[in-house]
Enquirer: 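Take this structure, written in structure tokens, and hold onto it; I'll ask about it next.
This structure is a prediction, so every number in the text was calculated from the model and none was measured.
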Amino acid sequence: MSVLLTEEVMRWGLRFFSRKSLWQQRSFLVTSIKDLSLPSQQLTHSLGTRQNHTCLTRSLVSSVRFFSQGKIQNEDSEEKERVSSLPPAQLQSDDLALKQKASPFMDLLQRCRSPSDVLDLTCQFSPTPRQVSNCLTHMWSCTKKMADEQRRYELQLMFEHHAFDRLLQKAMKDMGNMRSDDMAYCLSAMVNLGVPERSRVVQTFLRSCQEKLNDFDEKGLSILSSTLEHMESSPNVSALKKGMRLVVEVRLPGIQNVMALQTIMRLLGKDAPLVLKQKLEEKALSLKEQFSLPNSVYMISTMATMHFRSKPLLDVCTKKIRENLNGIPFNIFFKILQSCRELRYRDLDLFTDISDYVASVIYIWTNKQVVLFLFIFENLGFCPDALMEAFAEKVIEDPDALTLKDLLCVIRVFSSLNYDLKHQRQQFLDSVSRILDSYLPNISRVELLKSVYNLCLLGHFPSAPLEQLLQSSTLEHLKTTSPKFLPKQEKMFQMVDLCLRLERPPLPQPLTVPSFVLGDSAPSRPSVNPLLLQCLRDVLGDQGDTKLQEAVVVEKFHFIDALITKPLPNQTSGTEATDGTSPAGEESSPAESSQSVAVLGAPHSGFCFGTSRPRGHLAAKIRHLKILGLNPVLVTEQELNSVSWEERVDFLRGRIFPEHHSSDAQPEKEQQES
């Protein structure tokens, strides 16, 4: 115990005396520009103190540091002259003594717990080029494990330490004798420690790496790639990246390490030529047997960084992830889903497995984490049924646990995905409405409008939020919204108004939306898919008693691609009349003797991924059309484009005239059975 205490006292004593010597030698810390030995065309080597490394002694030391000091250079030259004047025997004995003295260096280095400890050690020894690299790497290794406040303090001590400039100067001097991976480690450590990227030492290392780029092996290229990925653009950085791109393209067949390949892929980034991206894809696929779970996760995010979507590679990665779901932390799950969104890649099995797993252990996640899962799934257009059911139960049990931000996101997600809660629906909506009522004094007017709009899409109309939204003060404030967001706001008000008029919810008092917030009532008329119209004309060509209307708008809001009016099926003998048909012997009015079919050309985004369940706005549109007495028929782009013309026409005929389709199919079935 006393030995450990003595070592700790000595360590802090050394740190104190090193800081004390800083004040004694402060005249050596500032060097004028005219004393620099570099030619004018070389990049500046001045080091500006970073904002987060505020110096405690601004009155004593200049705010500009130079990592190339004349004093150190003079000391180095004097040392060289002294050594050259010694006799050979003395040189041999000195070399032996240095080797004996340096032998415990690495052991002592591993005991250092801060950058200042490492700098104190360099004052006792003369590190070799390899040891200089080890020192800088160990300084960063110690620092990155510290808490933020401690890291800032230790980095400040490091920049103030009188041996830091000396170590960087020695790194520059020994650079020619360093191995390629040592050079890469040095550069990486300096950049991570906060040495300014425009400083002389960093720029010199960048130029030296350019000159020796052909000597870098796979490991060195990987380290260099990870460093350059986070550096700001500069002539030397750009030149080195271009050089690495050429080297990588030549050496690509010889790369055998997955992590090295991924690091290089990230460096090449989105600007890499498509041909090179395809070569990288082939190389990655050739190494797929080596993929671990971290490799698979990192490969997906790497492809997102490159803006390169390789389905074969994504399939390999998702298969590995699905096999190892148990124990994956939240941040990794979120990174996977975020990368899938950026790549516009959707795998139904992967999403379902993640949803089922998260739902099975939902109580180990915080509400914020679950809400983020729901948010990213909604962005992907996927409805995580298991997770939404489990989270709905959690909300019903304890709605007060939701923060306002979480609540707003939950309302949006459940509305957008139109998830059917079945018997839990009313309980869930009542719980959400109650907690929303409690947040009404604190909610912004814009968020209030969004919440009411999303609840109306769900067919739920809480009275308190509606009354607060339709107050004159709220409406007047929303009317002053920026013109950029006003059209979207008017669309939301129009939907709320239509829901109140058509669905007529039971409210304590009747509520209406004033016309001055509805904006232009004339809806936009998108173009109708010409392929769909041509197919409809072919379907109705032999139906003389039907009527086709194109691009119809109902209630001045909902757009219908085509409205078909057809007579009701004739009553057949021995069967009951279908719904809406008058009994035999009674006359029917024209309206009662016909029915209308609303044909809607729905995009993929209108449905939850992997299902035929309509989402948010489309679901409300279908609900409203049914209230208006129309029979909605949904036709997706895929259903139109994936089959032949004859199959297309037959498919639409079956949707529009199901009674004819079923009657036609019955004789065929009987004929097959016979």
Side-chain angles (χ1 to χ4, degrees), residues 370-371 374-375 377-379 381-396 399 402 404-440 443 446-470 488-489 491-508 511 513 555 557-558 600 602 605-609 611-628 632 634:
V370 178
V371 168
L374 294 175
F375 173 76
F377 275 130
E378 188 267 337
N379 275 206
F382 171 76
C383 183
D385 291 349
L387 181 57
M388 295 187 79
E389 182 178 357
F391 188 66
E393 294 175 357
K394 197 174 181 182
V395 171
I396 292 170
L402 290 177
L404 175 58
K405 189 174 181 180
D406 292 343
L407 175 66
L408 297 175
C409 188
V410 168
I411 293 174
R412 171 189 163 178
V413 170
F414 274 79
S415 171
S416 173
L417 297 177
N418 187 36
Y419 177 63
D420 184 11
L421 290 166
K422 300 181 178 66
H423 63 281
Q424 291 183 319
R425 171 184 167 83
Q426 198 57 45
Q427 280 183 289
F428 173 77
L429 292 175
D430 289 343
S431 300
V432 168
S433 299
R434 184 173 67 79
I435 192 65
L436 179 60
D437 291 349
S438 68
Y439 283 123
L440 286 180
I443 194 172
V446 174
E447 295 297 347
L448 176 62
L449 172 59
K450 291 179 180 178
S451 300
V452 171
Y453 166 77
N454 285 319
L455 288 171
C456 287
L457 290 182
L458 279 171
H460 184 64
F461 306 91
S463 58
L466 271 167
E467 290 173 4
Q468 181 164 321
L469 174 65
L470 297 178
K488 184 177 181 181
Q489 181 177 289
K491 287 293 183 185
M492 287 192 282
F493 269 121
Q494 290 170 15
M495 174 59 80
V496 173
D497 174 63
L498 187 60
C499 288
L500 291 175
R501 287 192 290 107
L502 292 181
E503 302 187 50
R504 298 178 181 179
L507 297 170
L511 297 173
V513 181
E555 292 294 327
F557 188 78
H558 289 310
L600 307 176
S605 58
F607 301 89
C608 294
F609 171 62
T611 71
S612 58
R613 182 190 307 151
R615 296 180 58 183
H617 188 276
L618 181 59
K621 184 177 182 178
I622 293 171
R623 192 169 71 242
H624 291 167
L625 292 178
K626 289 180 178 179
I627 292 173
L628 292 169
L634 300 180

Enquirer: Would you check if Glu389 and Lys422 make a side-chain contact, meaning some heavy-atom pair closer than 4.5 Å?
Expert: no
Enquirer: Measure the shortest side-chain to side-chain distance between Val395 and Ile435 over non-hydrogen atoms and say whether it is less than 4.5 angstrom.
Expert: no
Enquirer: If I take atom OH from residue Tyr453 and atom CD from residue Gln489, how far apart are they, to the nearest 0.5 angstrom?
Expert: 13.0 Å
Enquirer: Within this structure, what is the CZ-SG distance for the pair Phe377 and Cys608, rounded to the nearest 0.5 Å?
Expert: 12.5 Å
Enquirer: Any idea which heavy atoms bring Ile622 and Leu634 closest together, and the distance?
Expert: CD1-CD1, 3.6 Å
Enquirer: Checking the side chain of Glu378 only, and the main-chain atoms of Ser416 only, is there a donor and an acceptor separated by less than 3.5 Å?
Expert: no
Enquirer: In Å, rounded to the nearest 0.5 Å, how long is the span from CD of Glu555 to CG of Leu498?
Expert: 6.0 Å
Enquirer: Taking the side chain as every heavy atom from C-beta outward, state whether Glu503 and Ile627 have any atom pair closer than 4.5 Å.
Expert: yes
Enquirer: Measure from the side-chain N and O atoms of Asn418 to the backbone N and O of Pro614, and report whether any donor-acceptor pair falls under 3.5 Å.
Expert: yes
Enquirer: Of all heavy-atom pairs between Leu417 and Gly381, which one has the smallest distance, and what is that distance?
Expert: CD2-C, 4.5 Å
Enquirer: Is there side-chain contact between Ile443 and Ser451, with at least one heavy-atom pair below 4.5 Å?
Expert: yes
Enquirer: Verify the neighbour count for atom CZ of Arg501: are there more than 12 heavy atoms of other residues, nucleotides or ligands below 6.0 Å?
Expert: yes
Enquirer: Closest approach of Pro632 and Leu625, non-hydrogen atoms and distance?
Expert: CB-CD1, 4.2 Å
Enquirer: Quick one: CD1 on Ile411 to CG on Leu436, what's the gap to the nearest 0.5 Å?
Expert: 5.0 Å
Enquirer: Hey, which of Asp406, Leu407, Val413 is the one that makes side-chain contact (heavy atoms from CB on, under 4.5 Å) with Cys409?
Expert: Val413
Enquirer: Would you indicate whether the side-chain heavy atoms of Phe461 and Leu511 approach each other to under 4.5 Å?
Expert: no
Enquirer: Would you please classify the geometry between the His558 ring and the His624 ring as parallel, tilted or perpendicular, with 30° and 60° separating the classes?
Expert: tilted
Enquirer: Less than 4.5 Å apart, any side-chain heavy atom of Arg613 and any of Tyr419?
Expert: yes
Enquirer: Would you compute the distance between atom CG of Leu457 and atom CZ of Arg412 and round it to the nearest 0.5 angstrom?
Expert: 12.0 Å
Enquirer: Asn454 side chain to Lys450 main-chain N or O, any donor-acceptor pair under 3.5 Å?
Expert: yes
Enquirer: What are the two closest heavy atoms between Pro505 and Cys499, and how far apart are they?
Expert: CD-O, 4.3 Å
Enquirer: Nearest 0.5 angstrom please: Leu448 CG to Leu466 CG, how far?
Expert: 8.5 Å
Enquirer: What is the minimum heavy-atom distance between Gln424 and Ala392, and which atoms define it?
Expert: OE1-CB, 4.4 Å
